[in-house]
Engineer: 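I'd like to ask you about the structure that follows.
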Amino acid sequence: MAKISLGKGINMGLRAAMENDPKVLIMGEDIGKLGGVFRVTEGLQKDFGEDRVIDTPLAESGIIGTAVGLALRGYRPVCEIQFDGFVFPAYDQIINQVAKMHYRSMGKLKMPIVIRIPFGGGIGAVEHHSESPETLFAHVAGLKVVACGDPVDAYWMIQQAIASDDPVVFFEPKRRYHEKAELDESAGATYPLYKAKVVREGTDATLFCYGPMVKTCLQAAEAALEDGRNLEVVDLRTIAPLDLATIFESVKKTRRAVVVHEAPLSLGTGSELAARVTEECFYHLEAPVLRVAGFDTPYPPSRMEEEYLPDLDRVLEGVDRVMEY
Amino acid sequence: MAKISLGKGINMGLRAAMENDPKVLIMGEDIGKLGGVFRVTEGLQKDFGEDRVIDTPLAESGIIGTAVGLALRGYRPVCEIQFDGFVFPAYDQIINQVAKMHYRSMGKLKMPIVIRIPFGGGIGAVEHHSESPETLFAHVAGLKVVACGDPVDAYWMIQQAIASDDPVVFFEPKRRYHEKAELDESAGATYPLYKAKVVREGTDATLFCYGPMVKTCLQAAEAALEDGRNLEVVDLRTIAPLDLATIFESVKKTRRAVVVHEAPLSLGTGSELAARVTEECFYHLEAPVLRVAGFDTPYPPSRMEEEYLPDLDRVLEGVDRVMEY
Amino acid sequence: MSESVPGIAPEVFAPVKAPVSPTQASEEVEFVQLLTPEGERVEHPDYSFDLDDEAVKGFYRDMTLVRRIDTEATALQRQGELGIWASLLGQEAAQIGSGRALNKKDMVFPTYREHGVAWCQGVDPLNLLGLFRGVDQGAWDPRDNNFHLYTIVIGAQTLHATGYAMGQQRDGAVGGDPDNDTDGEATIAYFGDGASSQGDVNEAFIYASVFNAPVVFFCQNNQWAISEPIDRQTRIPLYQRAAGFGFPGVRVDGNDVLATYAVTQQALKRAREGSGPTLVEAYTYRMGAHTTSDDPTKYRLSEDLEYWKLKDPIERVKAYLTRSAGVDSDFFDAIEAEADGIAARLREGCLSMPDPTLTDFFDHAYVEQTPQLAEQKAQYAAYAASFEGEN
Amino acid sequence: MSESVPGIAPEVFAPVKAPVSPTQASEEVEFVQLLTPEGERVEHPDYSFDLDDEAVKGFYRDMTLVRRIDTEATALQRQGELGIWASLLGQEAAQIGSGRALNKKDMVFPTYREHGVAWCQGVDPLNLLGLFRGVDQGAWDPRDNNFHLYTIVIGAQTLHATGYAMGQQRDGAVGGDPDNDTDGEATIAYFGDGASSQGDVNEAFIYASVFNAPVVFFCQNNQWAISEPIDRQTRIPLYQRAAGFGFPGVRVDGNDVLATYAVTQQALKRAREGSGPTLVEAYTYRMGAHTTSDDPTKYRLSEDLEYWKLKDPIERVKAYLTRSAGVDSDFFDAIEAEADGIAARLREGCLSMPDPTLTDFFDHAYVEQTPQLAEQKAQYAAYAASFEGEN
Ligand SMILES: Cc1ncc(C[n+]2csc(CCOP(=O)(O)OP(=O)(O)O)c2C)c(N)n1
Ligand SMILES: Cc1ncc(C[n+]2csc(CCOP(=O)(O)OP(=O)(O)O)c2C)c(N)n1
Ligand SMILES: [Mg+2]
Ligand SMILES: [Mg+2]
């Protein structure tokens, strides 16, 4: 069993998918010789050639728009968007074409497209490089939206996303690309793609999180032990659809919930989760579902990002509030 | 006092704004001789000339991108997007440029741009012509998002939006363009833009709505009287920011709330409103905030839109659920 | 197609000028014409029409039938049976000429107006009505006829076409195999003059050029994008746009079915052989309203229409067939009768289209239904059922 | 600028070929050059350099100082003082030549690499560091120096520039007033070769052309978009793109400050006079990495770099000044000393930049703060205060 980084997990997952299915293509800016700005596609063009690992012109609408055509021709394109802030030129193609094709064709046409987006902050980057735009996809019917939080999930989830016949927006927590974990490739993908995972069992309250915040929440849960609090941590993994069964089960057990994400508070994942949980678990809740999230401003210059991003302290402060409500 | 339609209200509001401030420009597709596909800009090019009422090339990113430049030059562009589904080619310019300019310049640059979007369904149109994309703007820090629900608001709100130094996404309920009401132009804009309005006082539950659903909810409230229910109806008017003060006040009074919108349920305006209300009014609520919304599918072909859209019956069914919870 | 500078469009067309309406300001530009408005055959140095009069008769039939289909659909809209209709009136030659140049394996990406191309591809005209009636968003299976769904978002389909063509390349389907008498495959993207301003269309030009994709960009310049005249989109002839992207552009008389056929055929051949994209600008005129919702009297003068009536794409073929090919009235009468039959069938089919059921549509959003949506469907079905028997 | 066909770019450049790196496949294309890599003045039929040697000395000083600023910033990044830096190394002539052609009232829309143009506009170099250090997103007021904030989203600023130019038109600021000796105003948009593929840039071409906006599109073709060579963006020379949109395009030796000045000046003049847009392609080379985060050894060969070193934009001016203008070492020494001073000031200023406070930034999201955000600010301030004195 090898210890691999999250970035390497994606890389190996892409490789496996390409080996298993000659229809899998990857496309994006700088993904060839350079191996992508995060080196996630390193070595793939060398091994699979320029026709399957396509360095595209610098035009994101073109990436997704041609991917639609390739998908209609029977290919399974995996599109890399270089940074979260640069997906918007492609937004029309994603919202109006990719998301709607299956519906408007009444099921005749499939869009097995994966849109990989390194997302979130914490890497000291300049503007547009630290966004968390998941709501802008999760609200859109026809898309599925997932985020991986650790290297093992990264490896399996990317393969499952590629195998999915629905279009998947695949968020990768860029500041966790170098986090490492043991991967047992022979294990097979036993955990379903569209299912949340209890990554830490607890009794007093549940922290819901995904992507980069999984590590933060696990750390917060450890720290909370000092205050005598035993927190459950649920890695949502799938943002659209939310895995409500797992979510409700946890809340019914702990009766208190805090949702944690980097994305701005208003209309973030936490708002839908809070609304659903309240509807379903109204009489189980000891306190309203609270949210620890990015503020409702644009992402700040990086010298302030540590303050902007939910960290262990802010998560614990949220826990305090939900416990003392 | 004249009776005017909602469309005419916008038209007169635009005219008034252009008369009051020579820096106000309007731009968009077919807004000149044709007066826009909904005739909302009728007569304006004739009176203000082609330099102030600009028929643009058929390119929405270009409309908003050049509006940014015009705003930087001191103009106040009002951009018409022909239909809700066609705003997405301009999404990058809206999200990354319009929304962020004030923040990234640390307050030095203003973007007094209004983006007018006829939104919602119910007019029997083909695909992409009946969308309710308000979440996709309301989640974005830096934008303000409002919707008018009646002709009088239309007239005043468009002028207030143009006068606002923040960028405003201005949603117009296209299926209400022909609704009429008395307008007293001499009254002045007494009601603030970013404030919700109790359009019907009630005691048993509150219906929160905006745009096209205001009329529907008022009708539902009338009908509910038959069941002995006295519903309050709040026209949100501002979706971002939500006017929480008015919202909380109403919920604390009625203790039950239903949010109604055409936009898909998940991550719709209702989810944020529900999350906020639950956080603030937890001990006041007799039932969770319920939502009556569009379904989480793309908008259907128009022969099914009556079933897809929340109507009087679906609103009343939501009221039943919230009362009987 | 002869090229003076590699990758730059030829400027060597016959000296036939594209017509300019009395009220239009733009300059006259040459275009490829093989049949004059009066129905006379003319020759062109670079393009020739290599089919016989039987084929011309076929084109006549095609154009007449699609015009009748179009007229019937407009009537159905007037009577409230369709919500809206986008008429192809005046663009029959552009669509039939290009549509008939397609091979069986070529793929088409249309806008919402390509009823004539749909006809060429064998799409049942009745299927075209669903979108406009509001019962579906295109009921045909694009794979059955190599004719994609109508795309309404202006220009988006040009990228789809380019991607599809890149798929043809990757499948090894480009470049003929002379031993097996195969031609290779190509893709054709239809779009309008207005669409040429969209970023997507220009990105499609770039992708197609950079990847040398086998795609023909077929622009029907019908002079209008709703109310906006062509000078809102460009200040030079549109076909010249291609040169700046490194592939040839050519303007053809879009009301001349022979020329449109010849020019499109050559462009498709180039694509199938692996020589990359071509932009064809079919210079034509939108004789009707933009759609049945539009009122063109607000923005254009009737004298333009009168002027363009003289260039009618069907009349000139009829004149040619009558005068030069000895075709007699039996032929024309038979086609009229055929058109009557098709129109009647269309009307009947439209009126008897079953109304769709929203419950079914819950299953179309995803291949793998989500639990939430399954629940919404169930709740909605129960809710809808509660009204049953009510009236 | 002479034009053979109205609206079509002239093809009448002097027969000087743009250099092609040993490993590049693209064909040689002519460009405008007035000073050879060896420092010899040459003439061009359409463009002439009308300033004296004092001006050339000024250009030399500008280029040397901005190169030093750039080197210092790179060093600051290496030492962890900046998060990232985008070097202009190799592009000094393109930026100074074009920047010095600007009039006081002209407006600039830069990318993230236009440090040389910022210098020409009088932006304090220290202010350029904030974005890269992560303390702000551009601290200068664009109105003070007619130099907009750096734009990172590729191509977006070309539309802003076009809109701004449309504003200049509407203000009546276009078209000189000879009586008052005014020149009119123009706008210049900088962008890269990679950016040319974005829909936005092509839409900007369309808007500028259709509205005849006084904007110069200044493309620094430095041959690379991060790791992607120019052939990923176009298969013909980029300047030819303009012709398809109906305005002139010209390729200039971007390592020749005199030619860049002359060509940009003429393009700006055209714009100011009301003759509309021009595309200037400054053919140059990105001598450094894309940014300090990049590793170009992964995708390009060192021999390319060696080849381009011989075309250095500063060396050739030095050679000219020394050999042909009789400038002696005192001049060069003085500039070195000046550069030392600027670099020292930059370093010191960078190290002493105050760290920003998040609390302040809550107020920047809106002109009129929202109640929610005011509350978030207050809560955050209280929360932050609770940690004070903790360590
Ligand atoms: C992105 C987008 N913007 C606006 C519209 C609304 N719209 C529909 S058709 C049309 C004009 C299209 O003109 P053109 O491309 O010339 O095609 P034509 O209708 O003339 O065939 C417009 C503006 C749209 N469908 N998509
Ligand atoms: C819309 C968008 N997509 C991707 C990026 C990431 N990116 C930053 S610079 C760059 C390459 C730009 O190349 P070019 O336009 O040639 O400018 P240069 O950096 O060479 O000056 C890329 C892909 C971006 N900033 N914006
Ligand atoms: Mg048209
Ligand atoms: Mg470059």
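Just so we're on the same page: letters track the sequence lines, and every chain starts at 1.
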Engineer: How long is the straight-line distance from CZ of B/Arg104 back to CG of D/Leu149, given to the nearest 0.5 Å?
Structural biologist: 5.0 Å

Engineer: D/Ala204 versus chain B, heavy atoms under 4.5 Å apart: side chain, backbone, both or neither?
Structural biologist: neither

Engineer: Need one label for D/Ala173: side chain, backbone, both or neither, based on atoms under 4.5 Å from any heavy atom in chain B.
Structural biologist: side chain

Engineer: Considering all heavy atoms of both residues, which atom of B/Ser61 and which atom of D/Asp200 are nearest to each other, and what is their separation?
Structural biologist: OG-OD1, 2.5 Å

Engineer: Check the surroundings of atom NZ in B/Lys33: do more than 12 heavy atoms from other residues, nucleotides or ligands lie under 6.0 Å from it?
Structural biologist: no

Engineer: Under a 3.5 Å distance rule, please check whether D/Tyr207 uses its side chain to pair with a backbone N or O of B/Ile63 as donor and acceptor.
Structural biologist: yes

Engineer: Could you check whether any side-chain heavy atom of B/Arg276 comes within less than 4.5 Å of a side-chain heavy atom of D/Gln372, counting everything from C-beta outward?
Structural biologist: yes

Engineer: Select one option (side chain, backbone, both, neither) describing which atoms of B/Ala67 are under 4.5 Å from chain D's heavy atoms.
Structural biologist: neither

Engineer: Given that the side chain runs from C-beta out, which part of D/Phe361 has a heavy atom under 4.5 Å from chain B: side chain, backbone, both or neither?
Structural biologist: both

Engineer: Assess the residue pair B/Gln97 and D/Thr151 against the criterion (side chain to side chain contact (heavy atoms under 4.5 Å, CB included)); give the C-alpha distance rounded to whole Å, side-chain angles, the decisive distance to 0.1 Å, and a yes or no.
Structural biologist: CA-CA 9 Å; B/Gln97 305 298 331; D/Thr151 295; 4.0 Å; yes

Engineer: Please indicate whether B/Lys197 has more than 12 foreign heavy atoms, meaning atoms of other residues, nucleotides or ligands, lying under 6.0 Å from its NZ.
Structural biologist: yes

Engineer: Which bit of D/Ala161 is near chain B, if near means a heavy-atom gap under 4.5 Å: side chain, backbone, both or neither?
Structural biologist: neither

Engineer: Quick check for you: to the nearest 0.5 Å, what is the distance between D/Thr370 atom OG1 and B/Leu244 atom CG?
Structural biologist: 9.0 Å

Engineer: Heavy atoms only: give me the nearest B/Tyr103-D/Gln137 pair and the separation to one decimal.
Structural biologist: CD2-OE1, 4.0 Å

Engineer: To the closest 0.5 Å, what do you measure between CD (D/Glu203) and OG1 (B/Thr56)?
Structural biologist: 9.5 Å

Engineer: Indicate yes or no: at least one non-hydrogen side-chain atom of B/Leu109 is less than 4.5 angstrom from one of D/Pro142.
Structural biologist: yes

Engineer: Less than 4.5 Å to any heavy atom of chain B: does that hold for the side chain of D/Glu185, its backbone, both, or neither?
Structural biologist: side chain

Engineer: Is it the case that the side chain of B/Arg73 and the backbone of D/Met166 share a donor-acceptor pair, with hydrogens and angles ignored and the cut-off at 3.5 Å?
Structural biologist: no

Engineer: Start with the C-alpha distance between D/Gln169 and B/Asp51, add both sets of side-chain angles, then the distance that settles side chain to side chain donor-acceptor pair (under 3.5 Å), and finish with yes or no.
Structural biologist: CA-CA 9 Å; D/Gln169 270 180 323; B/Asp51 273 353; over 6 Å; no

Engineer: Within a 6.0 Å radius of atom NZ on B/Lys253, are there more than 12 heavy atoms belonging to other residues, nucleotides or ligands?
Structural biologist: yes

Engineer: Counting neighbours of NZ on B/Lys252 that are heavy atoms of other residues, nucleotides or ligands and sit closer than 6.0 Å, is the number greater than 12?
Structural biologist: yes

Engineer: Heavy-atom distance under 4.5 Å to chain B: side chain of D/Tyr150, backbone, both or neither?
Structural biologist: backbone

Engineer: Are there more than 12 heavy atoms of other residues, nucleotides or ligands under 6.0 Å from atom CD of D/Glu81?
Structural biologist: yes

Engineer: Just wondering, are more than 12 heavy atoms of other shown residues or ligands nearer than 6.0 Å to NZ in D/Lys377?
Structural biologist: yes

Engineer: Checking D/Phe211 against B/Ile54 for the side chain to side chain contact (heavy atoms under 4.5 Å, CB included) test, could you report, in this order, the C-alpha distance in whole Å, the side-chain angles of both residues, the deciding distance, and whether it holds?
Structural biologist: CA-CA 10 Å; D/Phe211 294 112; B/Ile54 309 172; 3.5 Å; yes

Engineer: If I compare all heavy atoms of D/Tyr366 with all of B/His102, which pair ends up nearest, and what's the gap?
Structural biologist: O-CE1, 3.3 Å

Engineer: Taking every non-hydrogen pair under 4.5 Å, which of D/Thr162, D/Thr158, D/Leu131, D/Asp171 racks up the most with chain B?
Structural biologist: D/Asp171

Engineer: Give the member of B/Pro241, B/Gly142, B/Ser164, B/Pro112 that has the highest number of heavy-atom pairs under 4.5 Å with chain D.
Structural biologist: B/Gly142

Engineer: Show the nearest heavy-atom pair for residues B/Gly62 and D/Leu159, with the distance to one decimal.
Structural biologist: CA-CD2, 3.7 Å

Engineer: I'd like to verify something: which residue of D/Gly138, D/Ala165, D/Ala365 has the highest number of heavy-atom pairs under 4.5 Å with chain B?
Structural biologist: D/Ala365

Engineer: Looking at B/Leu143, B/Asn96, B/Asp243, which has the largest count of heavy-atom pairs under 4.5 Å with chain D?
Structural biologist: B/Leu143

Engineer: Between B/Lys144 and D/Glu368, which heavy-atom pair has the shortest distance, and what is it?
Structural biologist: NZ-O, 2.6 Å

Engineer: Heavy-atom count around D/Gln379 CD within 6.0 Å, excluding the residue itself: above 12?
Structural biologist: yes

Engineer: Starting at CD of D/Gln168, measure out to CG of B/Leu70 and round the result to the nearest 0.5 Å.
Structural biologist: 10.5 Å

